[in-house]
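The structure presented is a predicted model; accordingly, all values stated were derived computationally and were not measured.
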Amino acid sequence: MKNQLRELRTAKEWSQADLADKLGVSRQTVNAIETEKYDPSLPLAFKIAKLFKRPIEEIFTVD
Amino acid sequence: MLYTAYMNDKLNVPDEIWLGKKDYSFRTDFTVNRWMFVALVLSALSDVFFPHQISQWPATLRAVVALAPFLAILFWIRSVRRWIGGMDELHRRITVAACLFATIATFFAVTAWQTLDKTGVWQSIYQITHLHLGLNPADLWLILSQVTFFYFLGYAHFNRRYQ
């Protein structure tokens, strides 16, 4: 699964640690999602979509 | 009193119990693993005293002494479960995978050891080398040591996948 998380995060000028704090996860989790090594759970994906005020399908797309 | 995740919303991380890692915390390690230590001590004590003093005791009392380490293990499992529950989803996934790996690997190690013992392989090695380890892999302290070893091995492997 591909995602736009890194682009969205850098547009807001947040560090990975900032985003991790806002999402209530570890920095390693944010990094693993950004590098597409880990697909987040549905609740976390919704949390990300809500945080960036974007539809979930705009952030996460199937390969 | 338990677990940082419940106390101050800080997420638990697997490195908290890995001695030498940056995030290592003796307090967390002690909170999570103290019952394993108790199980080890009880197991060692009953192994030392069983053949001598305890063997003269009534059967019910002997059963209580023999099963006490297993009660401690149940408490240990509860502590580990709570600790894992305080992690974020990626760390939980890695830790659960490492626990599963440790359980399966220990099962295979113990079974393989005993199968080799039954077929007389260890006896043959002893006759050639005169090296007798005198270990029984089904001893509780050895099983817990194997679980710990395989857990860290599994954790290192699964964690690397998400680095």
Chain B-proximal positions within residues 41-55 of chain A [heavy-atom distance under 4.5 Å]: S41(A), L44(A)
Count the heavy atoms of every other residue, nucleotide or ligand shown that sit under 6.0 Å from CZ of F107(B), and state whether that count exceeds 12. no
Going from CG on L11(B) to OG on S26(A), what distance comes out if it is rounded to the nearest 0.5 angstrom? 7.0 Å
What are the two closest non-hydrogen atoms of A32(A) and L90(B), and how far apart are they? CB-CD2, 3.8 Å
Group every Ile, Leu, Val, Met, Phe, Trp and Tyr by side-chain heavy-atom contacts under 4.5 Å, then state whether F30(B) and I17(B) land in the same group. no
To the nearest 0.5 Å, atom CE of M87(B) lies from atom OG1 of T29(A) at 11.0 Å
Quick one: do V80(B) and Y24(B) end up in the same hydrophobic cluster if we chain Ile, Leu, Val, Met, Phe, Trp and Tyr together by side-chain heavy atoms under 4.5 Å apart? no
Candidate pair Q28(A) and D15(B), rule side chain to side chain contact (heavy atoms under 4.5 Å, CB included), full reasoning: CA-CA 12 Å; Q28(A) 186 184 358; D15(B) 285 355; over 6 Å; no
Does anything in residues 152-163 of chain B reach chain A? List residues with heavy atoms under 4.5 Å apart, or say none. N159(B), R161(B), Y162(B), Q163(B)
When you group the ILVMFWY residues by side-chain heavy-atom contacts below 4.5 Å and let the links chain together, are V32(B) and L71(B) in the same group? yes
Look at the side-chain heavy atoms of Ile, Leu, Val, Met, Phe, Trp and Tyr, link any pair under 4.5 Å apart, and say whether L74(B) and V38(B) land in one connected group. no
Consider only side-chain heavy atoms of I, L, V, M, F, W and Y, link residues closer than 4.5 Å, and tell whether F108(B) and F101(B) are in one cluster. no
